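Structure first, commentary second.
Chain letters run A, B, ... following the sequence lines, proteins first, then strands; residues in each count from 1. These numbers were taken from a predicted model, which means no experiment stands behind them.
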Protein chains: 4
Amino acid sequence: MTEKRRRRVPRQVREQQMIDVAIRVFAKRGYHAASVDEIADLAGVSKPMVYLYLDSKENLFVACVRRESQRLAGAFQQAAREKASPDERLRAGLAAFFGFVHEHRDSWVVLHRQASELSERIAAEVSAARRMVMAEVAGLVRDGIAESPNPARLGEDDADFVAHALVGAADSLTDWLENHPDESPERVTLRLMNMAWVGMRNVLGGEVWASPASAKR
Amino acid sequence: MTEKRRRRVPRQVREQQMIDVAIRVFAKRGYHAASVDEIADLAGVSKPMVYLYLDSKENLFVACVRRESQRLAGAFQQAAREKASPDERLRAGLAAFFGFVHEHRDSWVVLHRQASELSERIAAEVSAARRMVMAEVAGLVRDGIAESPNPARLGEDDADFVAHALVGAADSLTDWLENHPDESPERVTLRLMNMAWVGMRNVLGGEVWASPASAKR
Amino acid sequence: MTEKRRRRVPRQVREQQMIDVAIRVFAKRGYHAASVDEIADLAGVSKPMVYLYLDSKENLFVACVRRESQRLAGAFQQAAREKASPDERLRAGLAAFFGFVHEHRDSWVVLHRQASELSERIAAEVSAARRMVMAEVAGLVRDGIAESPNPARLGEDDADFVAHALVGAADSLTDWLENHPDESPERVTLRLMNMAWVGMRNVLGGEVWASPASAKR
Amino acid sequence: MTEKRRRRVPRQVREQQMIDVAIRVFAKRGYHAASVDEIADLAGVSKPMVYLYLDSKENLFVACVRRESQRLAGAFQQAAREKASPDERLRAGLAAFFGFVHEHRDSWVVLHRQASELSERIAAEVSAARRMVMAEVAGLVRDGIAESPNPARLGEDDADFVAHALVGAADSLTDWLENHPDESPERVTLRLMNMAWVGMRNVLGGEVWASPASAKR
DNA sequence: TATGAATGAGCCTTCATTCAT
DNA sequence: AATGAATGAAGGCTCATTCAT
């Protein structure tokens, strides 16, 4: 145990402390390798407390996933809400996403990278959280497409495609961000917008990529 | 054990069988949840054989990672080698990537998604494999940039940035591919090229994204 | 907790409530599987109350055993007291026994079936209760024997033997009773009296069982 | 662990050793209080061996119940088979029962006294074993009744009633036997036959118990 | 080349019990 | 009179790993 004298703490507070710690530990070790012992220890309580409040390791993990996915979605929506144009909303949403993932690495790891080692129930919960995030992005993309010069050319699936690409890119770029301390989430967002969104607009405008070979024809 | 009569099989063959099975099991269950018992069982041998040939679970996992990362890199290089223009090389490389990841889901999962539940030694190995893949893509991107109208504007880091974005997008799009049986790795590649590469060329050409607001000024 | 608002309740009442519930729970789950948590819950109090009033799980169990064994003995004695002849007393006693065991299954289970999973102290307490019951029956049997035509032929031990047989039979017949809703404790008593007591009288009168083979000689 | 050097022992043997020990421990402590640790220890193996061979505590218990109930039934049937008359068969059966229960106290405890603390699955298994024993006895009783002077007066249920009474009495008398070292299972059987069977025959013959009061009328 | 037998260590979970209010 | 917060201890189960053959 961390050597602080444990004081009596009301349930609601303790519960959040436990989840805080759990996120860190799950992120660091992965679901299976994480031990409830360690979580209890770092939270400054004994193991039975964890079970008293959170019922089981599985449930504890689900609690982490739920809380963080809602936080992420919240950040996302709040950022997007304030903007007027779809372009700006997408940018703000992506920035919020980057910001959250950058600020809360552990949460994102718990939400995203806990691939396959999970029981079906948990996997479902994680999938749901993932889908929620994806849906937010896809919504923004759809709006952006709708305002483009040529909206008819792209449909539901295309928004989804772009959303997947953006989220995947963003996820991967978080690693990149870590190695580039001079960059900020905002700048990364701009770069990504330039790379992806400008491309998209051009595609919507009719320009398509073609191999140089065929281009010469 | 699977009910085949085990015949005496030379070491090299058995070893590969074990790795084949191990990749499947590691992908399905995750590193920790995977049990050597199950791997030995599915490989049709007894556990001591696994230890005799692969020394430890950790080592077995490393063997999986090494073999598959080399296969992926191989596919990548071979695809790129045949093409002349940087554009085409990049497309071919991405297509090879998609093809591999699509064909060998398990391998990719082992290479990529086994996020954090690994010991430091293994994590290092996986990171190395990941960096290798990233370096291949970054190389192609760099070549593409070099041939662009305005190469000076982008540097080493930008290639890396784009590579991260592309690999991340590609990874995420693999999930998308799974839900769209009508699509093929090739078509996804094209879509991604359109979305990302066209954008990049335009950026290189000087066009940048600006919020509609600032655009109006 | 059961959702009643707990009002301040005087100790004596609460204590009995707890024992009431405890008997049910101990009977249903067995000593070890019963949890103080569940008992407190069903009694509508918090766990510390249980410990305040009953000191320990062991003690709580002993309290149950004591109360119920006294109830059983009481029922027994009262039933027997009213009758004049030993025969009638035995019948009335057995009937009381059946009545109690049938009416208070849980109590009987706690008194009788909690075989061996108990600490020495508790086991002793249960044994004592059991012996008390047995002694009551043996007393009645002894009286009956004393009035028989040939009392000298049977002694102390024989009363004990018969008492054991009767109590064992009665216990087992309680199960039988459960599957025969048309029967009543009174009718079962009569049947048992017929089967056992008539036999006894005959034995006392000199008739003994002999294998048919030897009978033919 | 018992300080014998554990030697490699073939599975079949070890399995039986484990069950042997398990019966002792389950009988002594009850299902819940028994710990797999103790069983493994006394069997001279480590806990994982127990799980390797018997899968779970529950399963281990079921294995005990199955093996012993079959042994008991076997003893029963073999004893009864050799005799010609129903009377003799019943006596031999009861004697076998007493003999078994006396010789294998632990087995009988496991079969009979593990009242309620068991999961549904186990309870079912124990019930089945109990019913099997009861059915054997009821069969013998039925045969005896069939040869009685007045078979028509008693039916299916009566055999069952008597069987319950006999088994219950026998069970209870086992305790009595323990305190009377001069007695033997055979003698107890005779006594019980005298007490119960003679009574039954008389009942079948028309004699019934009546309270002395009513008798005098 | 191959395996049946065996275990130390660790993890999830639960329970009886107490402390501070 | 009453309870929410908290824990030491133990138990069931599994796993990576080895030994002897």
Quiz prompt | Per-nucleotide pairing state of DNA chain F [Watson-Crick or G-U, under 3.5 Å; [ ] pseudoknot-crossing; | other strand] | solution = .||||||||||||||||||||
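By the side-chain contact (heavy atoms from CB on, under 4.5 Å) test, B:Asp37 pairs with B:Ser35, B:Lys47, sequence neighbours left out. Evaluation of the side-chain contact (heavy atoms from CB on, under 4.5 Å) rule for D:Ser127 yields D:Arg131 as partners, not counting sequence neighbours. Under the rule for a side-chain contact (heavy atoms from CB on, under 4.5 Å), the partners of C:Tyr51 that lie at least two apart in sequence or sit in another chain are C:Val36.
For A:Val36, taking side-chain heavy atoms from C-beta onward, the closest of the listed nucleotides E:dC12, F:dT3, F:dT7 is E:dC12. The side chain of D:Ser35 sits closest to F:dG12 out of F:dG12, E:dC11, F:dA6.
Following rounding to the nearest Å, B:His32 (NE2) and E:dC11 (P) show an atom-to-atom distance of 9 Å. To the nearest angstrom, P of F:dT17 lies 14 Å from CZ of B:Phe61. The CD1 atom of B:Ile39 sits 11 Å away from the P atom of F:dT17 (whole-angstrom rounding).
Counting all heavy atoms, side chain and backbone alike, B:Ala40 lies closest to B:Ser46 at CB-C, 4.0 Å. Between C:Arg66 and C:Glu125, the shortest heavy-atom distance links the atoms NE-OE2, 2.6 Å. Across all their heavy atoms, C:Val65 and C:Leu111 have their closest contact at O-CD2, 3.6 Å. Taking every heavy atom of both residues into account, B:Val21 and B:Ile39 meet most closely at CG1-O, 3.6 Å. The two residues A:Asn59 and A:Leu54 come nearest to each other via the heavy atoms CB-O, 3.1 Å. Between A:Ala34 and A:Arg29, the shortest heavy-atom contact is N-CB, 3.7 Å.
Note on B:Ala34: only backbone sugar-phosphate atoms sit closer than 4.0 angstrom, heavy atoms only; bases stay farther off. The residue A:Pro10 sits close only to the backbone: its heavy atoms come under 4.0 Å of sugar-phosphate atoms, none of a base.
For residues 52-60 of chain C, proximity to DNA chain E is found at C:Ser56, C:Lys57, defined as any non-hydrogen atom under 4.0 angstrom from a strand atom.
OP1 or OP2 of E:dA6 lies within a sub-4.0 Å distance of a side-chain N or O belonging to D:Arg14.
Figure legend: cation-pi geometry between B:Lys57 and B:Phe26 absent, as NZ or CZ is not positioned both under 6.0 Å from the six-membered ring centre and within 45° of its axis.
Each of A:Tyr51 and D:Gln12 was matched to the nucleotide of DNA chain E holding its nearest heavy atom; the match closer to the 5' end belongs to D:Gln12. Comparing A:Val9 and D:Asp37, the nucleotide of DNA chain F nearest to each residue sits closer to the 5' end for A:Val9.
B:Lys47 contributes no side-chain N or O that forms a donor-acceptor pair with the base of E:dT3 under 3.5 Å.
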Distances for protein N or O near nucleotides 19-21 of chain F N or O, under 3.5 Å:
| unit_1 | atom_1 | unit_2 | atom_2 | d |
| --- | --- | --- | --- | --- |
| F:dC19 | O2 | D:Arg8 | NH1 | 3.1 |
| F:dC19 | O2 | D:Arg8 | NH2 | 2.4 |

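For the atom pair OH of B:Tyr53 and CD of B:Gln16, the computed distance is 12.0 Å after rounding to the nearest 0.5 Å.
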